[in-house]
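Below: the structure, in structure tokens.
Ligands are counted one by one from 1 in listed order, and the atoms in each one are counted from 1 as well. No experiment lies behind these values; they were computed from the predicted model shown.
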Amino acid sequence: MDAVNSDASKLWSDACSVIRAKIPERVFAQWFEGIIPIRMDKKKIILGVSDDYFEQWLGLNYSDVIADGLLEAAGKPIKFELEPGHQAEIAAIRAESASEPEAEAAPAPCFEEEDLQKEENAAADPGCAPNCLASYTFDNFIVGEENRYAYSAALTAAQEPGKFNPLYIYGSTGMGKTHLLQAVANFVHRRNPKAIVRYITCEAFLNSYLDSLRTHSTFKSHFEFRNHFREVDVLLVDDVHQLGGKDQIQEEFFNTFNTLYNAGKQIILTSDKQPSEIRGLEGRLVSRFESGVTTQITSPTTFETRLSILQYEQKDQLIKLPPDVIHYVAERISSSIRTLKGALMRLVAYSSMLGRAVPMAEAEGILSDMLDKEAETRKVTVDRIQQVVAEQFQLRVSDLTGNKRPKNIAEPRMMAMYFAREMTELSLMDIGNAFGGRNHATVLHAVAQVKKLSESSDDFRRNLSTLKRKIQG
Ligand code: ADP
Ligand code: MG
């Protein structure tokens, strides 16, 4: 940890001792253990919190307590700023402090500036790999249909480095990519603390690279930068979609990749899309990235996965929510695991504020904006319905909206209209318009026909539900 970060840690730890003496322990545990010192910035301390909600709530309710705590600890007024987006580190610290109830202060996260002292630091801490969170392990990664393959590929890469090379994991934000990547780092590190495991975000790689070109760099030379990333046993690079459009760094990355690949060293990459979909990524990198094992993590589609994640999270939380509320969250929030945890965190925070568990009747109101966003991400459009139906029956969308009436077109068209009626809020007239200006009676007729067919034919009904799932994505 550098001097600035350790200043922040010391100051915050002193301020916490002051604060702790002034407020009930339960409130301290719920709110202040959820704050971590990030850095000193001129005369200000930056404190990390999980999300915007926490930031606002703390700002409104406890800013004076924080300011007083800092004042007493430092002997002079110190400004502070709450910085959301540190949920993962906070979760890690809470998990650790829950398992060590005697610990006086919350342990610092295993998070340090990337520098050349890393190996020494790493050796001193058998628990987690440099730059990684100790709590990101395979053990606390909940496996479901959505991430099973990614999980086992990552585990294999950790157990037998070089076997799946490169391993490329993609999926949208909040799906657990970083968690898996750091789980590999921690696994390899714990098994063999001498192994050089480097986890880095693509952005940090880019910054280090630019830094290495400067005269007063962390690295004594550009050559040293190169070795830093090329003399490793396992290289884990998070969010490689950020390479897109950055030609100079792509060249550097390509060479790093080849050196490691040729030496049989394990490389794992994550991204929000498949290699071929990353705009501005050189063809040679696309083909390198695709040359090993590529696996996707999708949103937590099954209720069981979402429920297990919530139950797992609750294990270490001081405030337990009623089971029906947990079920409600698992049922309603499915866009990402990060959002799911955010919803849980909010309900726990509310319970703490109210001094009692949030009952079912209030949960919906508390989560209303999150539920709206969920509905938005799940919103089905007529365009989507037409695309999916056309694709399924190997037609063009224009066949569905056109005038031709052969059976191979008429039936899919009726199905598409039926879905538009069932899955969107559009009026019969709007649906008719979206299907080439048909009138509302035609739409009603189509809906009735589809219902009739699904009652009389099991096959038809099965096809209908398969299609519906595809439309829902
Ligand atoms: P990504 O890198 O895909 O954006 P993260 O790895 O940062 O997502 O995950 C977001 C949060 O969700 C983290 O707190 C992480 O621990 C948690 N998480 C994601 N997937 C799982 C899982 N399968 N089991 C438990 N926690 C998970
Ligand atoms: Mg990530």
[X] heavy atom under 4.0 Å from ligand 1:
X      : result
Tyr151 : no
Gly174 : yes
Thr305 : no

Quick check on contacts: which atoms of ligand 1 are under 4.0 angstrom from a heavy atom of [X]?
X      : value
Thr173 : 4 (O)
Lys341 : 14 (O), 15 (C), 16 (O), 17 (C), 26 (N)
Asn140 : 24 (N), 25 (C)

Practice item. Flag Thr270 as yes if one of its N/O/S atoms falls below 2.8 Å of the Mg ion (ligand 2), otherwise no. Key: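 So Thr270 does not bind the Mg ion (ligand 2) by this criterion.
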Hey, does [X] come in under 3.5 Å of ligand 1, counting only N/O atoms on both sides?
X      : answer
Val143 : no
Gly176 : yes
Met175 : yes
Ile337 : no

[X] side chain to [Y] backbone, donor-acceptor under 3.5 Å:
X      : Y      : answer
Asp272 : His241 : no
Asp233 : Gln266 : no
Lys320 : Lys315 : yes

Exercise for review: Would you verify whether the NZ or CZ of Arg288 falls within 45 degrees of the ring axis of Tyr261 while also being under 6.0 Å from that six-membered ring's centre?
Suggested key: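 Arg288 over Tyr261 ring: no.
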Review point. Relative to ligand 1, is Tyr312 under 4.0 angstrom through side chain, backbone, both or neither, heavy atoms considered?
Key: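 Looking at Tyr312 and ligand 1, no heavy atom falls under 4.0 Å.
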**Study point:** Asn147 and ligand 1 - part of the residue with a heavy-atom distance under 4.0 Å
**Key:**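 Side chain only.
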Write out the residue and atom name of the closest protein heavy atom to [atom], then the distance separating them to 0.1 Å.
atom                    : value
atom 16 (O) of ligand 1 : His179 ND1, 2.7 Å
atom 7 (O) of ligand 1  : Arg338 NH2, 3.0 Å
atom 13 (C) of ligand 1 : Tyr136 OH, 3.5 Å
atom 23 (N) of ligand 1 : Ile142 O, 2.8 Å

**Study point:** Minimum non-hydrogen distance to atom 2 (O) of ligand 1, winning option of Thr339, Leu133, Ile297, Thr178
**Key:**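 Looking at heavy atoms only, Thr178 sits closest to atom 2 (O) of ligand 1.
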Exercise for review: Give a yes or no on this: more than 12 heavy atoms of other residues, nucleotides or ligands lie within 6.0 Å of atom OH of Tyr149.
Suggested key: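 At most 12 heavy atoms, drawn from other residues, nucleotides or ligands, come within 6.0 Å of this atom.
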**Study point:** Phe138 and Phe187 aromatic ring geometry - parallel, tilted or perpendicular at 30°/60° bounds
**Key:**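 If you compare the ring of Phe187 with that of Phe138, the planes turn out perpendicular.
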Practice item. Classify the ring geometry between Tyr136 and His179 as parallel (under 30°), tilted (30 to 60°) or perpendicular (over 60°). Key: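 Judged by the thresholds at 30° and 60°, the geometry between Tyr136 and His179 is parallel.
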Review point. Would Asp211 and Arg214 satisfy salt bridge (charged side-chain N to carboxylate O under 4.0 Å, His left out), going step by step from the backbone distance to the final call?
Key: CA-CA 5 Å; Asp211 179 57; Arg214 282 197 277 273; 3.6 Å; yes
Point to revise | Aromatic contact, Tyr209 with Phe205 (centres under 6.0 Å) | key: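 That pair fails the under 6.0 Å test.
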Point to revise | Polar side chain donor-acceptor pair, Glu146 to Thr305, under 3.5 angstrom | key: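 Side-chain D/A pair, Glu146 to Thr305: present.
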Review point. Any side-chain heavy-atom pair from Leu307 and Gln311 closer than 4.5 angstrom?
Key: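 The answer is yes; the side chains approach within 4.5 Å.
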